[in-house]
Number of protein chains: 2
Amino acid sequence: MTKFTIGQLAQKVNVNIQTIRYYERFGLIEKNIEEESGYRKYSESDVEKMQFIRKSKELGFSLKEISDLLSLKIEPSTKCKEIRKITDSRIENIEHKIVELEKMKNALSKVAKMCDKPDAPICECPILQALNSENEVLKKCH
Amino acid sequence: MTKFTIGQLAQKVNVNIQTIRYYERFGLIEKNIEEESGYRKYSESDVEKMQFIRKSKELGFSLKEISDLLSLKIEPSTKCKEIRKITDSRIENIEHKIVELEKMKNALSKVAKMCDKPDAPICECPILQALNSENEVLKKCH
DNA sequence: TTAAGCATTGTACCTTAGTATAGAGTCAAG
DNA sequence: CTTGACTCTATACTAAGGTACAATGCTTAA
């Protein structure tokens, strides 16, 4: 397993070195010190973890929520009901986000289309109107 | 058009009064003062706007990004190319988010299923493994 | 007409998520 | 064997997005 320094990890996942140390303090990333140098060392799995964290952040999850996901552990039978509960509620939560994103996407498509027409009406806040006019033509515009 | 006070608006959309004033300072919500009382007054369209802001926040958009969407205006021809650019790039951005959320959802489903089996393997970080093992059974677990 | 319960402005504070800086040690190329 | 790039710890600072509080004023039901 290849090992990198913190700077190399930072570069690979395109974050600030301080951010990695911050995640370490937060408990998201483990500290793993090389004996002689006293330098932190990281492996491919840390790269994956960091990428997961960054992606999740972009999707609107907090570090606490990300931590909950990362610290799920499957051990024989013990807490499987708990894991089901967590995963199920998170799946619902994600489905809800997807639905909302789809709505927003549709609204934006409408706005784009509306804008293409040469006789486009003047519109104060086209997104809200597009969002609230499910399937009907925008008529609130004057 | 029904008018509400700030407290009523806050209650309707379930946010703190201070948050509404913060959004006003930020430029997301207009200030509209009633003559005699000096009280802010809000209408149904402010409710819609507030709901849009809250939803968008949950989906990981910043107030700045939300502001950009809300301040899109359609006016005859003038800046329609600009609007296309903004909406198109935002649509792409949303599609990317949806894809990532779908991946995460699938990974969570896998974890849930894995957990249900009586002979579930011990797993250190099942989400990452589920995410990275596109379509294959989780075999990194020991 | 007065107290409770709203509203106003202004300022200060809080949390989350980083980012920067200082002073010291380590590594590797010339 | 030094020099420049990198690391360490510790502490402080920043930015975004709120939240709380104080001093004051308006509203309304008893």
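Below, read A as the first sequence line, B as the second, and so on, with proteins coming before strands; counting in each chain starts at 1. The figures here come from the full heavy-atom set of this structure, side chains too, leaving out hydrogens, waters and symmetry mates.
Taking only side-chain atoms of A:Tyr39, from C-beta outward, the nucleotide of D:dG17, C:dC27, D:dT9 with the closest atom is C:dC27. Taking only side-chain atoms of A:Gln18, from C-beta outward, the nucleotide of D:dG17, C:dT19, C:dA17 with the closest atom is C:dT19.
A:Ile33 places its CD1 atom 13 Å from the C1' atom of C:dT26, with the value rounded to the nearest Å. Atom C1' of nucleotide C:dA7 and atom CD of B:Glu35 are separated by 16 Å, given to the nearest angstrom. Per the geometry, NZ belonging to B:Lys31 stands 15 Å off P belonging to C:dA7, to the nearest Å. Rounded to a whole Å, the CZ atom of B:Phe26 is 9 Å from the P atom of D:dG18. With rounding to whole Å, A:Tyr22 atom OH is found 17 Å from D:dT11 atom P. Note: CD1 (A:Ile6) to C1' (C:dG25) measures 16 Å, nearest angstrom. C:dT8 atom P lies 12 Å from atom CG of B:Asn32, rounded to whole Å. Here C:dT8 presents its C1' atom at 14 Å from CD1 of B:Ile20, a figure rounded to the nearest Å.
For B:Lys57 and A:Lys41, each mapped to the nucleotide of DNA chain D holding its nearest heavy atom, the one lying further toward the 5' end belongs to A:Lys41. If B:Ser37 and B:Arg54 are placed on DNA chain D by their nearest nucleotide, the residue sitting closer to the 5' end is B:Arg54.
Dashed line: the shortest gap from a side-chain N or O of B:Arg40 to OP1 or OP2 of C:dA7 is not under 4.0 Å. Remark: A:Thr19 is not in phosphate contact with C:dG18, judged by side-chain N or O atoms under 4.0 Å from OP1 or OP2. In this structure, B:Tyr23 does not reach the D:dG17 phosphate: none of its side-chain N or O atoms is under 4.0 Å from OP1 or OP2.
Salt-bridge check for B:Glu30 with B:Lys49: passed, with a basic side-chain N closer than 4.0 Å to an acidic carboxylate O.
To the nearest 0.5 Å, atom CD1 of residue A:Ile17 and atom CZ of residue A:Arg21 are 6.0 Å apart.
Figure legend: B:Lys64 and B:Phe26 shown without cation-pi pairing, the cationic atom not lying both under 6.0 angstrom from the six-membered ring centre and within 45 degrees of its axis. No cation-pi contact links A:Lys3 to A:Tyr42, judged by a cut-off of 6.0 Å to the six-membered ring centre and 45° from its axis.
In this structure, A:Lys85 places its NZ atom where only 12 or fewer heavy-atom neighbours from other residues, nucleotides or ligands lie under 6.0 Å away.
Within 4.0 Å (heavy atoms only), B:Arg21 reaches at least one base atom of the nucleic acid.
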